[in-house]
Visitor: 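Sharing a structure here in structure tokens format.
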Amino acid sequence: MDLLRFATAGSVDDGKSTLIGRLLYDTKSIFEDQLEHVEQVSRDKGREYTDLALLTDGLRAEREQGITIDVAYRYFATPTRKFIIADTPGHIQYTRNMVTGASTADLAIILVDARNGLVEQSRRHAFLASLLQVPHLVVAINKMDLVDWDRKRFEQIQEEFTAFAARLRIRDLVIIPISALNGDNVVERSAVSPWYDGPSLLHHLEHVHVASDRNLIDVRFPVQYVIRPQTAKHRDYRGYAGQVAGGVLKPGDTVTVLPSGFSTTIEGIDSLEGPVQEAYAPMSVVVRLTDNLDISRGDMICRPRNMPAVTQDVDAMVSWMATSPLREGTKLVIKHTTRSARALVKEIQYRLDVNTLHRDETDRELGLNDIGRVRLRTTVPLFVDDYRNNRTTGGFILIDESTNVTVGAGMITDPH
Amino acid sequence: MTEKTIARHSYQLSQLRVLESEAVHIIREVAAEMERPCLLFSGGKDSAVMLHVAAKAFAPAPIPFPVMHVDTGHNFPEVLDFRDAEVARWGVQLIVASVPEAIEAGKVREEPNGSRNRIQTPVLLEACEKHRFTALFGGARRDEERARAKERIFSFRDEFGQWDPKNQRPELWNLYNGRIHTGESIRVFPLSNWTELDIWHYIAAENVALPPIYYAHEREVFLRDGMLMADNEFCRPRSGEEIFTATVRYRTVGDATLTAAVRSDARDVEAIIAEVGATRQTERGATRGDDRATEAAMEDRKKEGYF
């Protein structure tokens, strides 16, 4: 059984909680005591129906205000796959939560209310999914029952979205008409839409091919931890622990270690199951090398003629997540793979209007939830790739040195 | 699992191996970046899996941090035996933070109903301060409880150990932010993305040892609030609660005054997997009195510094 991580996004009343409730309910992932609890609270609050949104709003403040304030993670499984849902709130002020949820997602579902068609938020969510390079996108046109399953209405929204998506970098797009409330086309194909010949939402989630989304070409192994037992039994053991970030590593391969630039060969790879002949993402392994080189955390193992850019000047799209604005001259901590450094904001090249995709080059600062292109200078070289080629070696976080809070997420562009 | 099963599909890890790799990555990050980590070990199934994964993360070197048991004094003896055997097997240092000792010293006061659930928190926080732990690993999972579903893998706690759900650090990709000021700490949950069923599949795949009370056995029990409580020295039937013998097992282990058994004939891991796969009750809903107190009981305790 394999794993699919997906993020859901949508604006406030488009039925996201209902859809998640429906997926969990129809796959028998809601337990009786959880359902009883939701029924009880619904009654206590004087609701006339069982409010499935209460299932996903776990915090006191969320229940008080009736809104979702943070990303929540939920789990369900079918006989073919296990699913992790990053349930991200739709409010504009929570763009950072969508970025957070999408950063690890294999797929994003954007909900659109069939009555309203594409709204600003739909476009913003699609843009964010493409910026974060979520490999697969599903647009679920919900509340089709409220437009009498009108085929023309569906096709109209489909065309509009496809035209907008052409301006973005979206690799795989599927558009599905659904009614989350009634369950049409969610788990099973429904008779109410004979004109729709695509899969149900769950069928698509179960069968979308994600194995090829990882980069199996460019070997990238950030050294995380050096394992040197120095015990009687393992006196000479020296291994480099880490999680493979790209490519396939094999014993006997010639590798180059950055930043030293020394080359050697892989003597062996110890996986969590014992020695292996191949290691690939996202395996956590220990790599042993033929020569005793000076290698420590933050170094990167790659192939001699296929190296990441080694640079102290990083250009990136930055999603800003703090209330105090990001300005030129700000100093921050950057965490990239297993390497941390200090970074200076040299230039804010533009702020992007995520609704119109317009680049505002006069705006020299980024406020909360803004996204812009930023040039950073780091104190030590980083080993970076274009985010579009590798989400692990192309992504980084920014940390405020005084508060220690994570204040930004970056996606590296054109590193060479 | 053998080498063959890992690479059975072309470059596709099974979901259990993805979860294991993710947990190992998190544990190694903490060991590499945080000054004084410690692993919370109760002897329950999740902490048994945690210890097993931690051992694999650093093999063939030993686990580079101690384990700590917050001991309420209301233990199932089988669990204490298991705890001591595991600690010896992995060669790790065991620290016991004792609630009875804290009561004796007058640092905490037992609640009238005898529950030591709330007073665990100050004992835990004091032990952390004494040993200057900056990171505490816990085996908690997001599928356990609705407040947990909102918590980060690196859960920042202020100098009072408090969780502020409205002010959590964004967590992106596999980049975790463990930077703290003196006195602050991080609770780390490497098994966040595992479900109860994943835990059991892993126990089966890896032959993880557990206390025997997880498997079906005969026990003297009585019914309280619809839950099957074991008759033991810490938890006696009140008038009207009749003792009878039943075939039961435990889905969670914790304080013996609060943890209930479930009726079960599952005597081995395979039978448990079948049972857990078919159950219609969450493990906490079925067996934990402590979460029933109020609508947001877990969230409230977490805000105070509980896990």
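Here is the naming used below: chain letters follow the sequence lines, and residue numbers restart at 1 for every chain.
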Visitor: Any idea which of A/Ile397, A/Thr338, A/Thr104, A/Asp44 has the most non-hydrogen atom pairs under 4.5 angstrom with chain B?
Guide: A/Ile397

Visitor: Classify the side-chain pair A/Gln133/A/Tyr387 by whether it contains a donor and acceptor separated by less than 3.5 Å.
Guide: no

Visitor: Report the distance from atom CZ of B/Phe154 to atom CE of B/Met34, rounding to the nearest 0.5 Å.
Guide: 6.5 Å

Visitor: Check each atom of B/Asn167 against the heavy atoms of chain A and say whether the ones under 4.5 Å are side chain, backbone, both or neither.
Guide: neither

Visitor: For B/Thr195 and B/Asp198, does a side-chain donor sit closer than 3.5 Å to a side-chain acceptor?
Guide: yes

Visitor: Looking at A/His234, A/Arg297, A/Met321, which one has more heavy-atom pairs under 4.5 Å with chain B than the rest?
Guide: A/Arg297

Visitor: Does B/Arg28 qualify as a cation-pi partner of A/Tyr225, given the criterion of NZ or CZ under 6.0 Å from the six-membered ring centre and within 45 degrees of its axis?
Guide: no

Visitor: Less than 4.5 Å to any heavy atom of chain B: does that hold for the side chain of A/Leu4, its backbone, both, or neither?
Guide: neither

Visitor: Working to the nearest 0.5 angstrom, can you tell me the gap between A/Leu132 CG and A/Ser319 OG?
Guide: 7.5 Å

Visitor: Taking side chain as everything from C-beta outward and backbone as N, CA, C, O, which of these in B/Ala23 sits under 4.5 Å from a heavy atom of chain A? Side chain, backbone, both or neither.
Guide: neither

Visitor: When heavy-atom pairs shorter than 4.5 Å are enumerated against chain B, which of A/Leu216, A/Ile399, A/Val407 gives the highest number?
Guide: A/Ile399

Visitor: Just so I know, are the side chains of B/Ile199 and B/Arg141 near enough to count as touching, which here means a heavy-atom distance under 4.5 Å?
Guide: yes

Visitor: Would you please classify the geometry between the B/Phe137 ring and the B/Phe65 ring as parallel, tilted or perpendicular, with 30° and 60° separating the classes?
Guide: tilted

Visitor: When you compare the side chain of A/Arg339 with that of A/Pro222, does any pair of heavy atoms fall below 4.5 Å?
Guide: no

Visitor: Chain B: which of A/Thr392, A/Val333, A/Val210, A/Val286 shares the most heavy-atom pairs with it under 4.5 Å?
Guide: A/Val333

Visitor: Under 4.5 Å heavy-atom distance to chain A, tell me which part of B/Ala59 shows up: side chain, backbone, both or neither.
Guide: backbone

Visitor: Side chain, backbone, both or neither: which part of B/Leu197 has a non-hydrogen atom closer than 4.5 Å to chain A?
Guide: neither

Visitor: Where does A/Val226 contact chain B at under 4.5 Å (heavy atoms): side chain, backbone, both or neither?
Guide: neither

Visitor: Under 3.5 Å, is there a donor-acceptor pair between the B/Thr134 and B/Glu35 side chains?
Guide: no

Visitor: Would you please go through residues 243-250 of chain A and name the residues with a non-hydrogen atom below 4.5 Å from one of chain B, in numerical order?
Guide: A/Gln243, A/Val248

Visitor: Between B/Glu33 and chain A, with a heavy-atom cut-off of 4.5 Å, which part of the residue counts as in contact: side chain, backbone, both or neither?
Guide: side chain

Visitor: Name the region of A/Tyr73, side chain, backbone, both or neither, that has any atom closer than 4.5 Å to a heavy atom of chain B.
Guide: both

